[in-house]
2 protein chains.
Amino acid sequence: MGASKTDYFTEKQNQLAAIAKALGHPARVAIIEYLLSVDSCICGDIVNVLPLAQPTVSQHLKELKNAGIIKGNIEGNAICYCINEETLSILQAFFAHINNHLQIKKSNCC
Amino acid sequence: MGASKTDYFTEKQNQLAAIAKALGHPARVAIIEYLLSVDSCICGDIVNVLPLAQPTVSQHLKELKNAGIIKGNIEGNAICYCINEETLSILQAFFAHINNHLQIKKSNCC
DNA sequence: TTATTATATTGCAATATTACGATAAAGATT
DNA sequence: AATCTTTATCGTAATATTGCAATATAATAA
């Protein structure tokens, strides 16, 4: 096959997986880290920071945007990118949930 | 091409991406959720819970294990799987880092 | 020993991802 | 208008992922 059987899973599971998947590439992690490090939101120079060609970076930005992890606003002929906290909070909630369960259990047999 | 240029990124970026990537499939999210929901660690019935064939589940488990997200111990002829908190704490630290920066900035232009 | 049970591995087809050159699109500058 | 700057899209090649049937492996049970 090759395609994920998304129909067989819950919407929440698919959503979580989609967000995690979007973070699942070092270039995209690097983009997030760069967006955090710069004061301004005018981030047209992401291409200059990454060791990848412009079309490749554009593609990675598109994936982050599709997953809802970043937002992009048009500013003149440049684009202002920044992090969308709402989406990342979904992943955070998942981890909080995991921690909660693990602390209750504490029945680690491994 | 097709292969990620992992050499061009930091070890930490690659590590974060690898963990996120492993979570980037609904079946693997479902496996984590199942491991949380069961009291015991004897989890040989993961295959029965998922809508996927046994070899496929085995493969997903392998990927979670490779990423360090779960641990597996042999118990007789079954295998006991459970979540590895250490690895997930790496992702959590990343999110804490993001939150920290976003709270300091608050210069959201988007 | 011969099943039986539980999990892993192999092999393969279908599909997705990654990367980039070439090119397009759109606003800014001259 | 002609050009520059910035970002997106198209096309394509290389590689990775997903899924499963068939088979292997290994411990247990009969």
Side-chain angles (χ1 to χ4, degrees), chain A residues 1-9 13-14 17-31 34-35 40-67 70-82 110, chain B residues 1-9 13-14 17-31 34-35 40-67 70-82 110:
Chain A
M1 298 275 159
S4 300
K5 292 186 149 189
T6 53
D7 294 352
Y8 293 1
F9 300 98
Q13 286 166 342
N14 279 308
I19 300 169
K21 190 178 187 179
L23 288 174
H25 191 290
R28 297 196 284 269
V29 170
I31 288 171
Y34 180 70
L35 284 180
S40 146
C41 250
I42 318 290
C43 305
D45 35 16
I46 294 174
V47 173
N48 303 319
V49 179
L50 293 188
L52 297 168
Q54 181 268 324
T56 308
V57 174
S58 183
Q59 200 172 273
H60 283 306
L61 286 167
K62 191 181 178 183
E63 270 171 76
L64 285 170
K65 217 180 340 182
N66 284 343
I70 63 173
K71 291 182 279 189
N73 273 7
I74 299 172
E75 307 244 326
N77 69 341
I79 291 198
C80 150
Y81 281 114
C82 61
C110 304
Chain B
M1 297 278 156
S4 300
K5 292 184 147 186
T6 52
D7 294 352
Y8 294 1
F9 300 98
Q13 286 166 341
N14 279 308
I19 300 169
K21 190 177 186 179
L23 288 174
H25 190 288
R28 296 195 286 267
V29 170
I31 288 172
Y34 180 69
L35 284 180
S40 145
C41 252
I42 318 290
C43 305
D45 35 15
I46 294 173
V47 173
N48 303 320
V49 179
L50 293 189
L52 297 169
Q54 180 268 324
T56 309
V57 174
S58 184
Q59 200 173 273
H60 283 306
L61 286 167
K62 192 181 178 184
E63 269 172 76
L64 285 170
K65 216 181 338 182
N66 284 344
I70 63 173
K71 291 181 280 188
N73 274 7
I74 298 171
E75 307 246 327
N77 69 341
I79 291 197
C80 149
Y81 281 113
C82 63
C110 304

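This structure is a prediction, so every number in the text was calculated from the model and none was measured. Naming convention: chains lettered A, B, ... in sequence-line order (proteins, then strands); numbering from 1 in each chain.
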**OP:** Could you tell me whether a side-chain N or O of A:N14 sits under 3.5 Å from a main-chain N or O of A:T6, the two making a donor and an acceptor?
**Re:**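 Yes, A:N14 side chain to A:T6 backbone: donor-acceptor pair under 3.5 Å.
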Original post:
C:dA8 base to B:Q59 side chain: any donor-acceptor pair below 3.5 Å?
Top reply: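 Not at all, since no donor on one side and acceptor on the other fall under 3.5 Å apart.
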How many whole angstroms separate atom [atom1] of [X] from atom [atom2] of [N]?
X	N	atom1	atom2	result
A:Y8	D:dT18	OH	C1'	13 Å
B:F9	C:dT18	CZ	C1'	11 Å
B:N77	C:dA3	CG	P	18 Å
B:L50	C:dA6	CG	P	16 Å
B:K71	C:dT7	NZ	P	19 Å
A:D45	D:dT5	CG	P	15 Å
A:E63	C:dA19	CD	P	10 Å
A:K65	D:dA8	NZ	P	5 Å

Between [options], which one does the side chain of [X] approach most closely?
X	options	answer
B:R28	D:dT18, C:dC20, D:dG19	D:dT18
A:A3	C:dT15, D:dC20, C:dT7	C:dT15
B:I79	D:dG19, C:dA19, C:dA8	C:dA8

Original post:
If you pin B:T56 and A:G76 to their nearest nucleotides in DNA chain C, which one's is more 5'?
Top reply: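 The 5'-side residue here is B:T56.
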Original post:
Does B:S4 or A:P55 map to a spot on DNA chain C nearer the 5' end, using the closest nucleotide for each?
Top reply: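 Per heavy-atom nearest nucleotide, the more 5' residue is B:S4.
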Original post:
So what does B:L52 hit on the nucleic acid, given a heavy-atom distance under 4.0 Å: a base, only sugar-phosphate, or nothing?
Top reply: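 B:L52: backbone/sugar contact only, no base atoms under 4.0 Å.
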Original post:
Contact class for B:Q54 vs. all strands (heavy atom < 4.0 Å): base, sugar-phosphate, or nothing?
Top reply: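 Here B:Q54 touches the bases of the nucleic acid.
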Do [X] and [Y] have side chains that approach each other closer than 4.5 Å (heavy atoms only, starting at C-beta)?
X	Y	value
A:R28	A:E63	yes
A:L52	B:F9	yes
B:D45	B:Y34	yes

**OP:** Over 60° means perpendicular and under 30° means parallel, so classify the ring planes of A:H60 and A:H25, tilted if in between.
**Re:**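 Plane angle between 30° and 60°, so tilted.
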Is any side-chain N or O of [X] closer than 4.0 Å to OP1 or OP2 of [N]?
X	N	value
A:K21	C:dT17	yes
A:K62	D:dT9	yes
B:H60	D:dT17	no

